[in-house]
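Everything numeric in this text was worked out from a predicted model, so none of it was measured.
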Amino acid sequence: MAELVEHGQLFIGGELTDPLGEDVIEVISPHTQEVIGRVPHASRADVDAAVAAARTAFDEGPWPRMSLDERIEVVTRIKDAIAVRHEEIARVISSENGSPYSWSVLAQALGAMMVWDSAITVARNFTYEETRDGVLGRILVRREPVGVVAAVVPWNVPQFVAAAKLAPALLTGCTVVLKPSPESPLDAYILAEITKEAGLPEGVLSILPADREVSEYLVGHPGIDKVSFTGSVGAGKRVMEVAARNLTRVTLELGGKSAAVVLPDADVEAAVAGIVPSAWMNNGQACVAQTRILLPRSRYDEFAEALAAAASALVVGDPLDPATQVGPLVAERQQRRNLDYIRIGQEEGAKILTGGGGRPAGLDRGWYVEPTLFGDVDNSMRIAREEIFGPVICLLPYGDESEAVKIANDSDYGLSGSVWTADVERGIEVAKQVRTGTYNVNTFSLDMLGPFGGYKNSGVGREFGPEGYGEYLEHKMIHLPAGWEA
């Protein structure tokens with residue numbers, strides 16, 4: 001049995017503070033199904049305290065009034081500490097959500113460090129003030145911090161997403177109330193310790209683990225100036241609805257049902273090697289996962305056989321084992337959801353090429369689901385249209401390139417995608433036609449210096465790069481008197 005991790009206080013305004021409520025969150029290992037941690041469940045009163053601290057820190061405190069270089073110094077210390085403690089962070093997250101440790105090291109911990117680092121680069125090169133010739137004279141355009149930010153992060157990549165919100169918010173001079181998911185609150189305490197040691201001033205950051213009800217209270221709080229949310233489409237719509245009552249600005253990064261388009265000239269070995277990790281990453285619990293794989297009918301059997309062989313060879317097991325490629329799903333509800341979709345896919349007439357049996361052999365506990373590959377899927381099927389969020393992937397045959405693009409675009413989502421081809425120029429042309437926020441040609445990655453976000457139901461606004469950085473800034477125009485020069 002793993003050692004029980006217990007935290008009795010909440011991180012409010014930069015200090016560990018006794019909670020104002022009595023509820024407790026129990027963190028359950030998705031591998032052993034045992035309780036591995038306990039933390040306080042933030043109450044509405046705790047939200048009020050955290051927002052008040054953030055409000056005071058923004059309206060009266062030093063953080064927004066520091067120079068950019070001074071803020072960069074503090075954020076650099078946060079980034080460096082994450083790099084030093086990345087293995088610890090990876091272990092904690094794998095224990096909480098079942099993410100394979102090898103993937104956690106790269107994506108959960110070092111990936112988060114890269115987000116902080118990239119935000120620093122953007123901050124240094126961003127234009128905060130400029131003078132323009134207006135219609136009626138000279139104008140000064142300024143970008144100023146938006147204010148108090150509510151940052152709501154999911155359980156699947158908690159530190160990565162927290163960094164995507166915290167780094168630009170802090171660098172622009174905002175103050176933040178961070179709301180981790182109840183499934184993965186333990187790693188947030190490491191972040192709290194790091195930010196305190198880095199020297200964030202009083203009130204600048206609070207961290208409040210809580211469920212959806214308290215999250216809704218935070219999002220609708222009149223003291224919040226901006227909400228940045230990552231999660232499901234349904235929850236995102238609710239966030240927008242609640243935030244609209246106060247006309248609070250929102251950034252929403254939501255779900256995906258991304259298509260990997262394999263063109264007829266693609267090399268089998270290269271395409272399979274690139275697609276499989278991007279389809280089953282983080283146990284399939286990734287919004288950008290390539291969950292629809294589009295194959296040309298002329299080579300369908302060849303590609304399907306290779307993909308099925310690769311999927312069946314994935315190592316499933318203890319997420320803390322470095323050899324594991326697919327771990328358990330985060331919770332029993334996610335296991336049930338995936339098993340339901342496997343049943344639905346079979347009822348719809350799709351063919352199971354590998355997996356489909358439910359719990360993998362030899363794993364008698366834990367919320368595991370066999371990596372499953374469906375073949376002969378039609379894009380009208382539920383398994384092709386709905387986000388399953390697990391290790392269940394679909395193969396869809398197509399005729400010509402125009403049909404492939406049509407299928408890729410025939411989705412309520414538009415977050416990610418990829419194309420695999422021997423002709424890069426042809427791949428770029430396909431990329432231009434698919435309506436998603438990010439796209440890949442013969443690769444799969446997420447560059448933190450470019451904009452990330454979705455079309456359609458995949459979200460509103462952008463994260464990363466100058467586009468995402470600008471989401472934490474307001475624009476002010478100052479009219480200058482005639483003849484004035486700086």
Looking at [atom1] of [X] and [atom2] of [Y], how far apart are the two atoms once the value is rounded to the nearest 0.5 Å?
{"X": "L200", "Y": "L205", "atom1": "CG", "atom2": "CG", "result": "6.0 Å"}
{"X": "Q290", "Y": "S418", "atom1": "CD", "atom2": "OG", "result": "4.0 Å"}
{"X": "Q335", "Y": "D340", "atom1": "CD", "atom2": "CG", "result": "10.5 Å"}
{"X": "T76", "Y": "L171", "atom1": "OG1", "atom2": "CG", "result": "8.0 Å"}
{"X": "I78", "Y": "W116", "atom1": "CD1", "atom2": "CH2", "result": "4.5 Å"}

With a 4.5 Å limit on heavy-atom distance, are the side chains of [X] and [Y] in contact?
{"X": "I190", "Y": "E88", "result": "yes"}
{"X": "V105", "Y": "H86", "result": "yes"}
{"X": "W63", "Y": "L170", "result": "yes"}
{"X": "V250", "Y": "F229", "result": "no"}
{"X": "L320", "Y": "S95", "result": "yes"}
{"X": "E96", "Y": "P185", "result": "yes"}

Does [X] reach the main-chain N or O of [Y] with its side chain, forming a donor-acceptor pair under 3.5 Å?
{"X": "R44", "Y": "V214", "value": "no"}
{"X": "E471", "Y": "R462", "value": "yes"}
{"X": "D187", "Y": "V92", "value": "no"}
{"X": "N440", "Y": "G417", "value": "yes"}
{"X": "R143", "Y": "F126", "value": "no"}
{"X": "Y128", "Y": "A123", "value": "yes"}
{"X": "N457", "Y": "Y413", "value": "no"}
{"X": "R55", "Y": "G223", "value": "yes"}
{"X": "E387", "Y": "G256", "value": "yes"}
{"X": "S29", "Y": "T32", "value": "yes"}

How about [X]: does its [atom1] atom have over 12 heavy atoms from other parts shown lying under 6.0 Å from it?
{"X": "E70", "atom1": "CD", "value": "yes"}
{"X": "R212", "atom1": "CZ", "value": "no"}
{"X": "R142", "atom1": "CZ", "value": "yes"}
{"X": "M114", "atom1": "CE", "value": "no"}
{"X": "E130", "atom1": "CD", "value": "yes"}

Decide whether [X] and [Y] meet the rule of one side-chain donor and one side-chain acceptor closer than 3.5 Å.
{"X": "D48", "Y": "H221", "answer": "yes"}
{"X": "N282", "Y": "S99", "answer": "yes"}
{"X": "S67", "Y": "D69", "answer": "no"}
{"X": "K165", "Y": "S228", "answer": "yes"}

Could you give me the CA-CA distance, side-chain angles and deciding distance for K196 and E15, then say whether salt bridge (charged side-chain N to carboxylate O under 4.0 Å, His left out) is met? CA-CA 8 Å; K196 182 174 176 58; E15 298 290 342; 2.9 Å; yes
Sequence neighbours left out, what passes side chain to side chain donor-acceptor pair (under 3.5 Å) with E183? Give chain and number order.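 Scan of E183 (side chain to side chain donor-acceptor pair (under 3.5 Å), adjacent residues dropped) gives S181, R333.
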Of P40, S43, S206, which is the lone residue that meets side chain to side chain contact (heavy atoms under 4.5 Å, CB included) with L10?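 Single pass found, and it is P40.
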Taking the ring of F389 and the ring of W155, is the distance between their centroids below 6.0 Å?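 Yes, close enough.
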So, do F464 and F160 have ring centers that fall under 6.0 Å from each other?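 They qualify: ring centres under 6.0 Å apart.
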What I want to find out is whether [X] reaches [Y] closely enough, with some N-O distance under 4.0 Å, to be called a salt bridge.
{"X": "D410", "Y": "R385", "result": "yes"}
{"X": "R238", "Y": "E241", "result": "yes"}
{"X": "K476", "Y": "E129", "result": "no"}

Could you go through T230 and E463, starting from their C-alpha distance and side-chain angles, then the distance that decides it, and tell me whether this counts as side chain to side chain contact (heavy atoms under 4.5 Å, CB included)? CA-CA 10 Å; T230 298; E463 294 184 311; 4.3 Å; yes
R249 and E474: salt bridge (charged side-chain N to carboxylate O under 4.0 Å, His left out), yes or no, with the steps? CA-CA 10 Å; R249 289 142 184 78; E474 291 278 22; 2.9 Å; yes
Minimum heavy-atom distance [X]-[Y], with the two atoms named:
{"X": "L4", "Y": "G37", "result": "CD1-N, 3.5 Å"}
{"X": "V288", "Y": "M281", "result": "CG2-SD, 4.2 Å"}
{"X": "A162", "Y": "L191", "result": "CB-CD2, 4.5 Å"}

Kindly determine whether L218 and V51 satisfy side chain to side chain contact (heavy atoms under 4.5 Å, CB included), including the steps that lead there. CA-CA 8 Å; L218 170 63; V51 173; 4.0 Å; yes
Evaluate side chain to side chain contact (heavy atoms under 4.5 Å, CB included) for E370 paired with V326, printing each intermediate quantity in order. CA-CA 9 Å; E370 274 189 300; V326 177; over 6 Å; no
Full working for side chain to side chain contact (heavy atoms under 4.5 Å, CB included) between F452 and L415: CA-CA 8 Å; F452 171 66; L415 187 60; 3.9 Å; yes
